[in-house]
Amino acid sequence: MDPKRQTDGRSAASELGCFLRARRTQVMPEDVGLAVGPGPRRTPGLRREEIATLAGVSIDYYTRLERGKETRPSPSVVEALASALRLGDTERAYFRDLAACTARGGHRTGQPDRAPQHPAVDRGVELLLQTLRPNPAHVVNRTYELLAATPGGLRLLPGMADIEPEERNVVRWLALHPGARVLYPDDWENQIRGCVARLRALAGTDPDIPGLGSLIAELRDKSPDFARLWEHYDVQGHTTGTKTFHHPEFGVFTLGFQALDLDGSGGRRLIFYYAEPGTPAYDVMVLLDMDRPRTGTGAATDTSMTRRHGSITDA
């Protein structure tokens with residue numbers, strides 16, 4: 001599998017065109033107040049001439065944008081197209097970044113996809129994870145490599161602990177591991193959609209991140225659902241909300257979650273889960289944070305933290 005398949009070797013201009021085309025097909029004429037004439041339409045969504053009219057640009061100019069032949073759309077054109085395509089704030093920001101990359105002549109280097117180095121998290125992050133217990137929490141990098149986790153953060157994801165530490169990746173687990181569909185029987189597609197969106201945003205504006213190309217190529221090859229969602233060009237991820245888990249050990253429970261960027265860490269994110277003290281969901285968090293009972297003792301005693309290189313133990 002060619003690692004560069006994840007973006008098909010496209011230039012930034014081609015990537016911009018693909019984004020426009022994908023988003024155009026997701027906007028219906030009635031969404032923007034256009035009358036639909038009699039007879040079937042050959043393509044889903046809006047036609048090129050309809051988007052061009054809504055954005056106030058010529059059909060020829062818009063067609064050249066979609067085909068990657070126009071590489072310097074002005075800020076006013078970018079904003080007009082974003083409005084015509086009904087982009088949200090996150091999608092609009094991504095579109096601006098992609099257009100700026102196109103104007104700079106940005107392109108994929110064509111260099112072999114380098115393997116991520118998986119550096120250990122620093123001591124401050126380790127201490128932060130300690131203070132969050134018993135809340136499940138983990139730290140991921142921009143390609144969702146799982147760098148560190150509290151005991152509950154690891155145990156929350158069925159089967160993750162059985163994967164070698166250097167191979168743990170949240171989006172790979174979500175796309176390919178059967179435990180993921182057990183955990184989210186009613187919400188799996190929404191969960192994977194958020195991860196695909198973040199990877200799609202990275203591939204458009206920062207495609208040479210180590211390990212990104214090979215990860216996307218692997219998931220497009222092994223997961224038809226990932227491949228389908230990849231072509232939607234959604235870039236809206238999830239940073240807060242609630243998740244309902246159907247855990248094989250602890251049953252059904254709902255936790256709130258929050259994702260925070262760790263400044264100065266090269267794009268790493270802390271994701272933690274929470275529940276009100278005294279609730280059944282909080283009791284589940286406490287149990288998740290405990291190790292499995294030792295044979296013959298009935299007591300959970302191991303309180304080690306998990307990270308890629310070794311472990312840190314409570315003081």
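Along the sequence shown, the residues carry numbers beginning at 1. No hydrogens, no waters, no symmetry mates; every other heavy atom, side chains included, goes into these values.
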Taking the side chain as every heavy atom from C-beta outward, state whether Arg24 and Leu85 have any pair of such atoms under 4.5 Å apart.
-> yes

Determine, step by step, whether Val140 and Ile271 satisfy the side chain to side chain contact (heavy atoms under 4.5 Å, CB included) criterion, reporting the C-alpha distance in whole Å, the side-chain angles of both residues, the deciding distance to 0.1 Å, and the verdict.
-> CA-CA 8 Å; Val140 297; Ile271 303 167; 4.1 Å; yes

Are Leu287 and Leu255 joined in one hydrophobic group, where the rule is that I, L, V, M, F, W and Y side chains link up if heavy atoms are under 4.5 Å apart?
-> yes

Please indicate whether Glu276 has more than 12 foreign heavy atoms, meaning atoms of other residues, nucleotides or ligands, lying under 6.0 Å from its CD.
-> no

Output, in order, the C-alpha distance, side-chain angles, deciding distance and verdict of side chain to side chain contact (heavy atoms under 4.5 Å, CB included) for Arg86 and Val27.
-> CA-CA 8 Å; Arg86 299 169 64 87; Val27 181; 3.9 Å; yes

Please answer: with hydrophobic residues joined when any side-chain heavy atoms are less than 4.5 Å apart, are Val284 and Val182 in the same cluster?
-> no

Arg92/Glu79 ion pair, N-O < 4.0 Å | yes

Consider only side-chain N and O atoms of Thr102 and Thr71, and report whether a donor and an acceptor are under 3.5 Å apart.
-> no

Under the 3.5 angstrom rule, does the side chain of Gln26 hit a backbone N or O of Ala22 as a donor-acceptor pair?
-> yes

Would you indicate whether the side-chain heavy atoms of Arg155 and Glu249 approach each other to under 4.5 Å?
-> yes

Is a side-chain N or O of Glu70 found less than 3.5 angstrom from the main chain of Tyr61, in a donor-acceptor match?
-> no

Measure across Ser223 and Ala175 and return the closest heavy-atom pair with its distance rounded to 0.1 Å.
-> OG-O, 4.1 Å

Connected via hydrophobic side-chain network under 4.5 Å: Leu199 and Leu176 = yes

Start with the C-alpha gap between Phe272 and Thr150, add the side-chain angles, then the distance that decides, and say whether side chain to side chain contact (heavy atoms under 4.5 Å, CB included) holds.
-> CA-CA 10 Å; Phe272 68 94; Thr150 63; over 6 Å; no

For the residue pair Leu146 and Leu154, establish whether any side-chain heavy-atom pair is separated by less than 4.5 Å.
-> yes

Run the side chain to side chain contact (heavy atoms under 4.5 Å, CB included) check on Trp230 and Leu219 step by step: do they pass?
-> CA-CA 10 Å; Trp230 183 254; Leu219 297 182; over 6 Å; no

Tell me whether the guanidinium CZ or amine NZ of Arg168 lies under 6.0 angstrom from the six-membered ring centre of Trp173 and within 45° of its axis.
-> no

Are a donor atom and an acceptor atom from the side chains of Asn141 and Thr143 found within less than 3.5 Å of each other?
-> yes

Short N-O contact, Arg181 and Asp225, less than 4.0 angstrom = yes

What is the ring orientation for Tyr273 with Phe245, classed by angle as parallel under 30°, tilted 30 to 60°, or perpendicular over 60°?
-> perpendicular

Close side-chain approach of Arg200 to Ile216, heavy-atom, < 4.5 Å = no

Report yes if the distance between the aromatic ring centroids of Phe257 and Tyr274 is under 6.0 Å, otherwise no.
-> no

Closest heavy-atom pair, Ala55 versus Leu81, reported as atoms and distance to 0.1 Å, is CB-CD2, 3.6 Å

Give the C-alpha distance, both sets of side-chain angles, the deciding distance and a yes or no for salt bridge (charged side-chain N to carboxylate O under 4.0 Å, His left out) between Glu231 and Arg21.
-> CA-CA 10 Å; Glu231 297 306 321; Arg21 186 161 50 252; over 6 Å; no

Decide if the gap between the ring center of Tyr94 and the ring center of Tyr233 is smaller than 6.0 angstrom.
-> no

Answer yes or no: is there a side-chain heavy-atom contact under 4.5 Å between His247 and Phe253?
-> yes

So, the side chain of Thr205 versus the backbone of Ala201: is there a donor-acceptor pair under 3.5 Å, distance only?
-> yes

Answer whether the closest heavy-atom distance between the side chains of Lys222 and Arg172 falls below 4.5 Å.
-> no

How about Glu91 and Arg23: do any of their side-chain heavy atoms sit closer than 4.5 Å?
-> yes

